[in-house]
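All figures in this text were calculated on a predicted structure; none of them were measured in a lab.
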Amino acid sequence: MGLLPDIRDEDELGEIYVWVDSIPLSKQKKNITRDFSDAVCVADIIHYYQPKLVDLHNYSPTSNSKQKMENWRTLNDKVLKKIGMKLSVDTMRSVVSCEVGCVERVLKLLRNTLYRLSAGHGSGTDENTCPTQMDEKKGMVSHIPPVERRGQSEDHDGRVIDELHDVIRVLELKCAKQEEVIRLKDAKIEALTRLVDDYSKDQIIP
């Protein structure tokens with residue numbers, strides 16, 4: 001799969017899922033590996049950040065492997081190539097075949113690419129040729145653009161502000177999800193405790 005970035009740990013994986021959840025998609029997400037295999041949701045994400053780059057009518061939801069691959073080829077040639085994130089054929093096939101962990105790595109690459117574009121840093125995240133991709137694999141690419149690289153124009157400042165708002169929204173969603181996880185765990189502990197108590201009472205010999 002070329003130089004697709006690795007997912008460092010579960011926390012980073014959670015960040016990617018929260019980021020995806022923060023973006024309106026054209027179809028309901030149930031299983032990220034399967035739902036992203038036809039490239040439609042990826043096109044949705046790029047359109048959310050760079051609407052002029054993507055014509056969503058070019059991508060139709062499908063369960064057919066051949067049509068999925070055609071969607072990915074179209075996205076790769078018309079969009080990903082332009083933003084410096086052209087994927088290899090092997091990577092596209094891995095996503096189409098729902099290879100475990102592949103789509104998350106593609107989404108990490110996409111997220112960092114879109115963040116750089118939004119901050120005005122240009123492209124240069126091609127899977128096969130990007131010289132900064134090794135830095136990304138080491139986790140050195142920041143989610144928030146460095147202050148010293150921000151442009152001076154009002155338009156550029158506006159993009160940076162929008163980007164920071166996106167980061168804040170992602171963090172808020174992550175906190176909300178963590179709170180929900182804690183609530184569910186507490187409920188599970190309470191249910192198990194009741195089961196143990198009931199079992200203990202049943203074992204008491206009169």
Side-chain angles (χ1 to χ4, degrees), residues 1-51 53-118 123-139 141 143 166 170 173 177:
M1 277 182 274
L3 292 176
L4 278 179
D6 293 326
I7 306 297
R8 293 192 300 274
D9 50 38
E10 290 187 3
D11 286 341
E12 184 175 48
L13 186 63
E15 289 176 7
I16 292 171
Y17 290 153
V18 170
W19 173 66
V20 170
D21 287 342
S22 72
I23 300 170
L25 302 176
S26 59
K27 61 181 181 179
Q28 185 177 4
K29 180 174 65 63
K30 297 179 180 179
N31 181 300
I32 194 168
T33 301
R34 183 177 62 250
D35 295 337
F36 277 73
S37 63
D38 62 4
V40 174
C41 289
V42 174
D44 288 338
I45 291 175
I46 299 174
H47 184 266
Y48 177 78
Y49 283 93
Q50 302 285 337
L53 284 178
V54 184
D55 184 356
L56 294 178
H57 297 293
N58 287 333
Y59 312 97
S60 301
T62 179
S63 59
N64 181 275
S65 296
K66 184 176 180 180
Q67 184 57 48
K68 287 181 182 181
M69 196 66 186
E70 186 61 31
N71 282 352
W72 274 105
R73 289 185 187 278
T74 300
L75 186 67
N76 209 33
D77 292 339
K78 291 182 176 293
V79 181
L80 298 181
K81 183 177 180 180
K82 291 181 180 179
I83 63 176
M85 193 192 135
K86 187 173 182 179
L87 301 176
S88 68
V89 174
D90 286 344
T91 293
M92 291 188 289
R93 285 174 178 164
S94 294
V95 176
V96 167
S97 62
C98 297
E99 181 178 313
V100 176
C102 183
V103 70
E104 286 86 354
R105 296 172 67 191
V106 170
L107 287 171
K108 177 180 177 179
L109 180 60
L110 177 62
R111 180 189 62 177
N112 289 339
T113 299
L114 291 173
Y115 279 2
R116 277 194 290 270
L117 287 173
S118 297
S123 58
T125 53
D126 189 291
E127 181 194 354
N128 295 314
T129 61
C130 170
T132 63
Q133 188 60 52
M134 293 307 294
D135 288 341
E136 186 173 19
K137 290 187 72 178
K138 297 175 183 176
V141 175
H143 294 175
D166 284 343
V170 168
L173 285 168
K177 279 207 165 188

Asker: Look up atom NZ in K29 and atom CG in N31, then write down how far apart they are to the nearest 0.5 Å.
Answerer: 9.0 Å
Asker: For residues E12 and D6, report the shortest heavy-atom separation together with the two atoms involved.
Answerer: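 Heavy atoms of E12 and D6 come nearest at OE1-O, 3.8 Å.
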Asker: The criterion is side chain to side chain donor-acceptor pair (under 3.5 Å); which residues satisfy it with K78, sequence neighbours excluded?
Answerer: none
Asker: Between the side chain of K30 and the main-chain N/O of D35, is any donor-acceptor distance below 3.5 Å?
Answerer: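 No; zero donor-acceptor contacts below 3.5 Å.
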Asker: Under the side chain to side chain donor-acceptor pair (under 3.5 Å) rule, what pairs show up with a residue in residues 63-75, not counting sequence neighbours?
Answerer: S37-K68, Q67-N71
Asker: D11: what forms a side-chain contact (heavy atoms from CB on, under 4.5 Å) with it, not counting sequence neighbours?
Answerer: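 Residues passing side-chain contact (heavy atoms from CB on, under 4.5 Å) with D11: D9.
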Asker: Apply side chain to side chain donor-acceptor pair (under 3.5 Å) to N58 and list each qualifying residue two or more places apart in sequence or on a separate chain.
Answerer: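 Scan of N58 (side chain to side chain donor-acceptor pair (under 3.5 Å), adjacent residues dropped) gives none.
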Asker: Sort and list the pairs that fulfil salt bridge (charged side-chain N to carboxylate O under 4.0 Å, His left out) and have at least one residue in residues 37-48, not counting sequence neighbours.
Answerer: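 Only K27-D38 qualify under salt bridge (charged side-chain N to carboxylate O under 4.0 Å, His left out).
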Asker: Nearest 0.5 Å, what's the CE-CG distance between M85 and L80?
Answerer: 5.0 Å
Asker: Are I45 and L25 side-chain neighbours, meaning at least one heavy-atom pair lies under 4.5 Å?
Answerer: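 The answer is yes, as the side chains (C-beta and beyond) meet within the 4.5 Å cut-off.
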Asker: Could you measure the distance from the NZ atom of K82 to the CG atom of D77? Nearest 0.5 Å is fine.
Answerer: 10.5 Å
Asker: If you define the side chain from C-beta out and look only at heavy atoms, does anything of Y59 sit under 4.5 Å from V54?
Answerer: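 Yes; the side chains approach each other to less than 4.5 Å.
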Asker: Under the criterion side chain to side chain contact (heavy atoms under 4.5 Å, CB included), I'd like the reasoning laid out for V42 against V95: C-alpha separation, chi angles, the key distance, then a yes or no.
Answerer: CA-CA 11 Å; V42 174; V95 176; over 6 Å; no
Asker: Does the side chain of F36 reach to within under 4.5 Å of the side chain of V20, using non-hydrogen atoms?
Answerer: yes
Asker: To the nearest 0.5 angstrom, please state how far the CG atom of L107 sits from the CZ atom of R111.
Answerer: 9.5 Å
Asker: Do you know the tightest heavy-atom contact between L109 and T113?
Answerer: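 What the structure gives for the nearest pair is O-OG1, 2.7 Å.
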Asker: What is the distance from atom OH of Y49 to atom CG of L110, rounded to the nearest 0.5 Å?
Answerer: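 If we round to the nearest 0.5 Å, Y49:OH and L110:CG are 8.5 Å apart.
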Asker: Kindly write out the residues that satisfy salt bridge (charged side-chain N to carboxylate O under 4.0 Å, His left out) with D55, not counting sequence neighbours, or none if the list is empty.
Answerer: none
Asker: Would you please test L117 and Q50 for side chain to side chain contact (heavy atoms under 4.5 Å, CB included) and show each step?
Answerer: CA-CA 9 Å; L117 287 173; Q50 302 285 337; 3.9 Å; yes
Asker: Quick one: pull up CG in N76 and CE in M92 and give me the separation to the nearest 0.5 Å.
Answerer: 4.5 Å
Asker: Please examine the side chains of V100 and T33, heavy atoms only from C-beta on, and report whether any two atoms are closer than 4.5 Å.
Answerer: no
